[in-house]
Amino acid sequence: MSEQRFSNVYQPKEWETQLYNEWEHGGDFSPVGTGPSFSMVIPPPNVTGELHMGHALNVTIQDIMARFKRLNGFRVLWVPGTDHAGIATQNVVDKALQARGTSASEIGRDAFLDNVWEWKHTYGNRITKQIRRLGASVDWHYERFTMDDGCKQAVTNHFIALYKKGLIYQGEYIVNWCPKNKTALSDIEVEYKEFKGHLWHMKYPLTSDKNQFICVATTRPETMFGDTGVAVHPDDDRYRDLIGQTVRVPYTERDIPIVADRHVDQTFGSGAVKVTPAHDPNDFDIGNRHNLARILVMDESAIMNQNAPKQYQGLDRYQCRKQLIKDLQADGFLVKTEDHVHNVGTNTRSGEVIEPYLSKQWFIDMKKLTQPAIDAVKSKSITFVPERWEKLYFEWMENIRDWCISRQIWWGHQIPVWYKKDNPDEYIVAECSPGDDYVQDPDVLDTWFSSALWPFSTLGWPNKTDLLANYYPTALLVTGYDILTFWVSRMITMGLFNMDNIPFNHVYIHGLVRDIHGKKMSKSVGNVINPLDIIDEHGADALRFGLAALCTKGGQDIKLSMEKIQASRNFTNKIWNFSRFADMCLNDGTNPIDPMTRPTPVTEIDGWILDRLNQTIETVTHHLNDYNFAAAADELWEFTWNQCCDWYVEGIKQHKAESLPVLVFVCFQTLILLHPFMPFVTEAIWKNLSKHPNISEDHLMDTIQHAQWPVAVAIENNQRIKDFETTFNLIREIRHLIKTANVSTKNELTLTLSHPDSTTQTLLLNMTPLIQKLTKVTYCNVQSHAPEVDVPHTQSVASTIEIQLILPNVDVASEKNRLEKQLSQLQQQHHNLNKKLTNEQFIQKAPPAVVEKVKKEADNITSEIHSIETQIAKFA
RNA sequence: GGGCGAUUAGCUCAGUUGGGAGAGCACAUCCCUUACAAGGAUGGGGUCGCAAGUUCGAGCCUUGCAUCGCCCACCA
């Protein structure tokens, strides 16, 4: 009984976990065979993270490609792993400690690191379990972590190699300092946000004459204690005479020079700018040009330090600003206050306002590294999909800045630099400590430093492994455009540096998942759709298909809605029931059917569906090779639902036995085509159907994953495809007439179809049973010309075939009205076509095929107009 | 300031050698027909952002404009 194998609704929960376990423990995700290799590395999610829609999209796309390639006989290796995510993880663990009444700083570095490792062991597999729920066919045997021993070795090797080539240096520069995390950040970890602030104009008195002033404008008055100059434009007539003189910084005993510098914009503010080289990157440059001193006035938490006047020491930067404004006003230094909107850098992670801060950090000299990486993309050794992202890549790489790689946190790869205890200026770069008289640099490396090595560190580098030999370069990298600069560009750069070869051939860059209004999903807004909730409720396949169907060629951001997911859920159920129908038909079968062998069609509609299947195989294969997931998904939807279910299944119900082999074959082929998108439901059906006693398992794999991707053969009969299109048009029109006449098909209806052409008559005669079945008309006659009918009837024309449907009664007025409306539509179409055909230029210049097509259309419409006119005339 | 992308049905979006304006959802009407009501059938709905140009012909190519979104730069 079919009920034993198929419930009437697909229940994902009954299948997904069990199937995934079978797959994983059955070794189904391991590379096998002798086919060409296809490898990917997963963009490692944060080890403490939780699965969000971005992961779901990213993993879905990769899994579609992995399964597609596996079905095509490739040796697929997809390497999973997680990222240690320095600052993010450190924050999470520190927060947890604080909730327990202690903190990282209280317990100290070693104890803190023990805590993070413990945390990693407790929660590190949460995200990997969640990835499993998506159905990801990653090979867990090769799972990696960016701080495991292999990655550690890779990082150290890489650092030393760069250092030896003089590409890593230590320097004192203005960096982006986060006072909350007390660490430097790289430029791309800073997000600029618009803030409503003020522009304060204040007077600095001349040393030579306290009654004269120069007025400077600033948004950050608290940095004035670090001022070591005032800059004006050399051509500015207002200040020309003051250049070279000195002014006294209020509340200090320091006199600072007025210098001329072309960087100054005469039209902004007062045209004179205070120069604070230790707290502003531009001022740092100006200071260098004019040999100005650098004075830090804050500590690492942005608290005013001993270089500020006593009364401000110990205040944080904002308290200080507030007090200082009061004081400046009281003491007559404040000239005016303007409202000023400006962009302020913030920490991408914590949101804290960045303090430009002078400090000693490690940098990579990127300019010397990028050229091969630029060339690799220019020469198309690496291709970006969509191609337009190359522009952003070149823009970034051609204006590359040095990469600040040191971070003043504890969780991460500690920098392999050892300072002599009694002389910190003396240091050695090495994997291990040179001796007890050395101490290691306390800083760790930027998380992206290890991520940059991911495509080869996961395959064993720096050791020469078989994995590397077999799977590097990887075939494809799938990622979002938001980390193109953070990650993709650096993998290419470092891949070429270490491996002398690109890390991947193709980069597929997808959009970001947003809510239906295009807004970023965020917990505070409350518009988050949690992928795990979706999987619980509707199954992983519904989520996957929904996401893939939105993943269009242009790589636009994806606006996700519950409605879209529900539609996909309905589709999974449709596939389930299509198969359930096949299963039911098998019950009546007499001989075992081999579902993998292409059967010879017995009936016309069987031949038709096989041809349509071929078209679908070809289109879907093309779209997947083209990374056009939405188009592939659309095609599969159209074929499965509209062609197979709506037309084919309904069409064979009158000859199920004859069509059974084709039905079964088409069903299995369709399952394979759908499998990359919907691994669970297709496997569930596969296993169910395989168990049917009338299925021969001789050529059947025990899992759909090991099946062979369908191969398209030549279309057998193009005319037949057209004939069925004509028939379906006709059926639609007849149904429309029945519906419009508001007549029940429980009555015995009589239909006459007329066409002068004998081939068409033959077609109609052949299709009569189908037409009767699908329109529920009892009698159907085929004629060369529409007969005179003197009983109530309704009439129309479709694909130039005249339709007459006898009715119990008819409303002549509305019937006439309907025909006239149809006539006017046809006349409009005819008019448009005729306009073209009477245009000499069109006839001369348009391709003959186009002209021919238009002529034929016009002829058809003329014929239809004639039919309708005749029909209307009968009412006269 | 520079760059990229978007603008097509009520909503979300497809639409490449330029030649028929389409899908899903939503909506309306009818139908529990033995695969599926998470379903079936039928239907309504669009001057393809605006303007000009190229062309026999433009949703598609060129130019300009408008609106929205994102990225980079950061005038203190």
Side-chain angles (χ1 to χ4, degrees), chain A residues 2 6 8-10 187-188 192 199 216-220 223 231 263-265 267-276 280-283 286 340 342-345 386 388-389 391-392 395-396 399 481-482 484-485 511-512 514 516-518 538 542 546 549-550 552-561 563-564 566-585 628 630-631 634 637-638 642 645-646 649-650 653 732 735-740 742 744-746 774-776 829 832-833 835-836 839-847 849-851 853-854 857:
Chain A
S2 69
F6 287 90
N8 67 337
V9 170
Y10 171 59
D187 291 334
I188 38 180
Y192 285 87
L199 191 60
V216 297
T218 183
T219 55
R220 310 187 54 220
T223 62
H263 167 77
V264 179
D265 179 355
T267 62
F268 186 85
S270 62
V273 55
K274 61 195 265 314
V275 182
T276 323
D280 184 283
N282 288 313
D283 292 5
I286 296 175
H340 183 61
H342 60 144
N343 289 328
V344 178
R388 68 187 152 92
W389 291 111
K391 274 197 178 176
L392 175 64
E395 170 74 20
W396 167 257
N399 300 294
Y481 61 78
D482 53 330
L484 191 64
T485 50
L512 308 182
R514 299 174 175 279
I516 194 64
H517 306 294
H538 300 301
L550 290 166
T552 57
K553 194 75 201 299
Q556 302 303 324
D557 282 351
I558 286 171
K559 292 176 193 164
L560 189 67
S561 63
E563 286 76 13
K564 190 78 192 176
Q566 270 158 10
S568 302
R569 186 272 315 262
N570 293 352
F571 183 50
T572 59
N573 196 45
K574 192 72 182 176
I575 299 159
W576 178 262
N577 274 292
F578 173 43
S579 310
R580 187 169 166 228
F581 176 76
D583 186 82
M584 189 194 80
C585 294
N628 196 344
D634 270 0
W637 179 298
E638 159 73 17
N642 302 111
C645 294
D646 291 347
V649 166
E650 295 307 321
K653 280 184 177 172
R732 269 188 287 260
R735 283 166 170 172
H736 177 48
L737 288 178
I738 293 169
K739 167 94 180 168
T740 310
N742 200 19
S744 169
T745 48
K746 283 171 183 156
L774 296 188
T775 60
K776 292 173 187 159
Q829 285 175 40
N832 292 341
L833 291 171
K835 221 160 65 180
K836 283 189 178 180
N839 182 344
E840 286 284 325
Q841 300 276 19
F842 174 73
I843 302 293
Q844 280 172 21
K845 295 189 179 171
V850 173
V851 177
K853 201 175 150 192
V854 172
E857 272 174 55

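Every value quoted in this text rests on a predicted model; they were computed, and no experiment measured them. Chain letters run A, B, ... following the sequence lines, proteins first, then strands; residues in each count from 1.
- Rounded to the nearest 0.5 Å, atoms CD1 (A:I188) and OG1 (A:T485) are 4.0 Å apart.
- Atom CD in A:E563 sits roughly 17 Å away from atom P in B:rG10 (whole-Å rounding).
- Separating the CG atom of A:D187 from the C1' atom of B:rC71 is a distance of 15 Å, rounded to the nearest angstrom.
- Residue order along RNA chain B, read from the 5' end via each residue's closest nucleotide, puts A:L550 first among A:T740 and A:L550.
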What pairs of nitrogen or oxygen atoms, one from the protein and one from nucleotides 27-30 of chain B, lie under 3.5 Å apart?
from: B:rU29; atom 1: O2; to: A:K739; atom 2: NZ; distance (Å): 2.4
from: B:rC30; atom 1: O4'; to: A:K739; atom 2: NZ; distance (Å): 3.2

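- Nucleotides B:rA38 and B:rC4 place their C1' atoms 41 Å apart, quoted to the nearest Å.
- Under the Watson-Crick or G-U wobble criterion, with both distances below 3.5 Å, B:rU54 is left unpaired in every strand shown.
- Note: CD1 (A:I843) to C1' (B:rG57) measures 12 Å, nearest angstrom.
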### Check against side-chain contact (heavy atoms from CB on, under 4.5 Å), A:Y481 and A:D557
CA-CA 10 Å; A:Y481 61 78; A:D557 282 351; 2.9 Å; yes
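- When rounded to the nearest whole Å, the span between CG of A:L392 and C1' of B:rC70 equals 11 Å.
- When both pairing distances are held under 3.5 Å, B:rC32 makes no Watson-Crick or G-U pair with any nucleotide shown.
- Between B:rU42 and B:rU47, the two P atoms lie 26 Å apart (nearest whole Å).
- Residue A:N839 is classed as a sugar-phosphate contact, given heavy-atom separations below 4.0 Å to backbone atoms only.
- Mapped onto RNA chain B by nearest heavy atom, A:K559 and A:R735 fall at different nucleotides, with A:K559 at the one closer to the 5' end.
- Between A:H263 atom NE2 and B:rA73 atom P the separation is 16 Å, expressed in whole Å.
- In this structure, the NZ atom of A:K564 is 12 Å from the C1' atom of B:rC11, given to the nearest Å.
- Nucleic acid contact for A:A630: none, since no nucleic acid atom lies under 4.0 Å from a heavy atom of the residue.
- For the P atoms, the distance from B:rU16 to B:rG49 is 15 Å, rounded to whole Å.
- Using a distance-only test at 3.5 Å, with no hydrogens or angles considered, no donor-acceptor pair links the side chain of A:N573 to the main chain of A:V9.
- A:R735 places a side-chain N or O within donor-acceptor distance of the main-chain N or O of A:L774, the cut-off being under 3.5 Å.
- Using Watson-Crick or G-U wobble geometry with both donor-acceptor distances under 3.5 Å, B:rC13 finds its partner in B:rG22.
- Separation of atoms CZ (A:R569) and NZ (A:K564) is listed at 14.5 Å; rounding is to 0.5 Å.
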Between the protein and nucleotides 14-20 of chain B, which nitrogen or oxygen pairs come in under 3.5 angstrom?
from: B:rA14; atom 1: OP1; to: A:T552; atom 2: OG1; distance (Å): 3.1

### Under 4.0 Å protein heavy-atom contacts per nucleotide of nucleotides 33-38 of chain B, with B for base, S for backbone only and - for none
B-BB-B
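- Atom CD in A:E638 sits about 12 Å away from atom C1' in B:rG24, given to the nearest Å.
- With ring centers used as reference points, A:H340 lies under 6.0 Å from A:F268.
- Separating the CG atom of A:D557 from the C1' atom of B:rC68 is a distance of 13 Å, rounded to the nearest angstrom.
- Base pairing analysis places B:rA66 opposite B:rU7; the two distances defining the Watson-Crick or G-U wobble pair are each below 3.5 Å.
- Residue-level contact check: A:H538 touches neither bases nor backbone, having no heavy atom under 4.0 Å from any strand.
- With both ends at atom P, the span from B:rG22 to B:rG44 equals 12 Å, rounded to whole Å.
- In this entry B:rG43 has B:rC27 as its Watson-Crick or G-U wobble partner, both defining distances falling under 3.5 Å.
- Residue A:S561 is out of contact with every strand shown, counting any heavy-atom pair closer than 4.0 Å.
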